Amino acid sequence: LGNIIAYGYAPTFVVAPLGATTVMFNSIFAVVILKERFRRQDAVCLLAIFVGILMIVYSNNGDTHNNMPLTVDETIATFFNTWQCITLVSVSLTAIACLQLYIHLRRTSITSMFPYLWTASLISMYTVLCSKAAVMWMRAPEAGHSTQLPYALLWIMLALVVVTAVWSMHYLQMALQ
């Protein structure tokens with residue numbers, strides 16, 4: 001939940017990679033609490049994650065300005081009507097549909113977890129996009145704009161956050177079986 005809210009307050013290129021801190025802390029907790037063995041490759045990976053986080057934090061140069069449109073109307077005018085948006089949605093939905101068809105046709109013979117993980121990551125992309133838009137629109141009054149709560153698109157985005165999160169978790173669970 002905190003990660004979703006963070007998308008409304010910081011640029012996506014900062015928030016998304018900082019999610020790697022969960023991997024770092026889970027690894028540390030696994031060693032401390034679950035008494036798992038700590039190998040040399042674990043130390044190298046944790047160091048790489050830590051260095052990556054430092055690079056992200058210090059590359060921002062203190063610029064916390066978020067260039068997202070703050071209102072539903074601005075978003076529709078500047079993003080939804082562009083060829084980039086239409087291409088992104090078309091290609092990703094086609095990929096999800098192809099993966100769904102592949103999984104359905106080969107339900108009993110899939111031995112790899114990758115089709116499930118690819119599907120989950122494509123669906124998760126929509127979770128991030130919808131949460132970014134919804135949180136930005138809910139923050140519009142902070143920037144002097146009128147409240148965006150009456151717009152149906154805000155509520156559709158919030159519903160899509162929940163639906164895509166549950167949907168991607170379903171495919172993550174299938175990958176782990």
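Given the structure is predicted, the values throughout are model-derived calculations rather than measurements.
- By the 6.0 Å contact criterion, CZ on F50 is open, its count of non-hydrogen atoms from other residues, nucleotides or ligands being 12 or less.
- Y126 pairs by the side chain to side chain donor-acceptor pair (under 3.5 Å) definition with S92, not counting sequence neighbours.
- In plain terms, the two heavy atoms of Y116 and A175 that are nearest each other are CB-CB, 3.7 Å.
- The CG atom of L117 sits 11.0 Å away from atom CG of L122, with the distance rounded to the nearest 0.5 Å.
- Criterion: ILVMFWY side-chain heavy atoms under 4.5 Å apart, direct or through other members. Under it, V91 and L99 are not part of a common hydrophobic cluster.
- In the hydrophobic clustering of ILVMFWY residues, with side-chain heavy atoms under 4.5 Å counting as a link, V31 and F29 come out together.
- S121 meets the side chain to side chain donor-acceptor pair (under 3.5 Å) test with no other residue; sequence neighbours excluded.
- Sorted by first and then second residue, the pairs that involve residues 38-50 and meet salt bridge (Lys or Arg N to Asp or Glu O under 4.0 Å), not counting sequence neighbours, are R39-D42.
- By the criterion of side-chain heavy atoms lying less than 4.5 angstrom apart, applied directly or through intervening Ile, Leu, Val, Met, Phe, Trp or Tyr residues, V44 is not grouped with F25; the two fall into different hydrophobic clusters.
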I'd like a table of donor-acceptor pairs (distance under 3.5 Å, sequence neighbours excluded) in which one partner is a side-chain atom from residues 157-172, with atom names and distances.
| from | atom 1 | to | atom 2 | distance (Å) |
| --- | --- | --- | --- | --- |
| T164 | OG1 | T127 | OG1 | 2.7 |
| T164 | OG1 | L160 | O | 2.6 |
| T164 | OG1 | V161 | O | 3.3 |
| S168 | OG | S124 | OG | 3.4 |
| S168 | OG | T164 | O | 3.2 |
| S168 | OG | A165 | O | 3.1 |
| Y171 | OH | Q100 | OE1 | 2.7 |
| Y171 | OH | Q100 | NE2 | 2.5 |

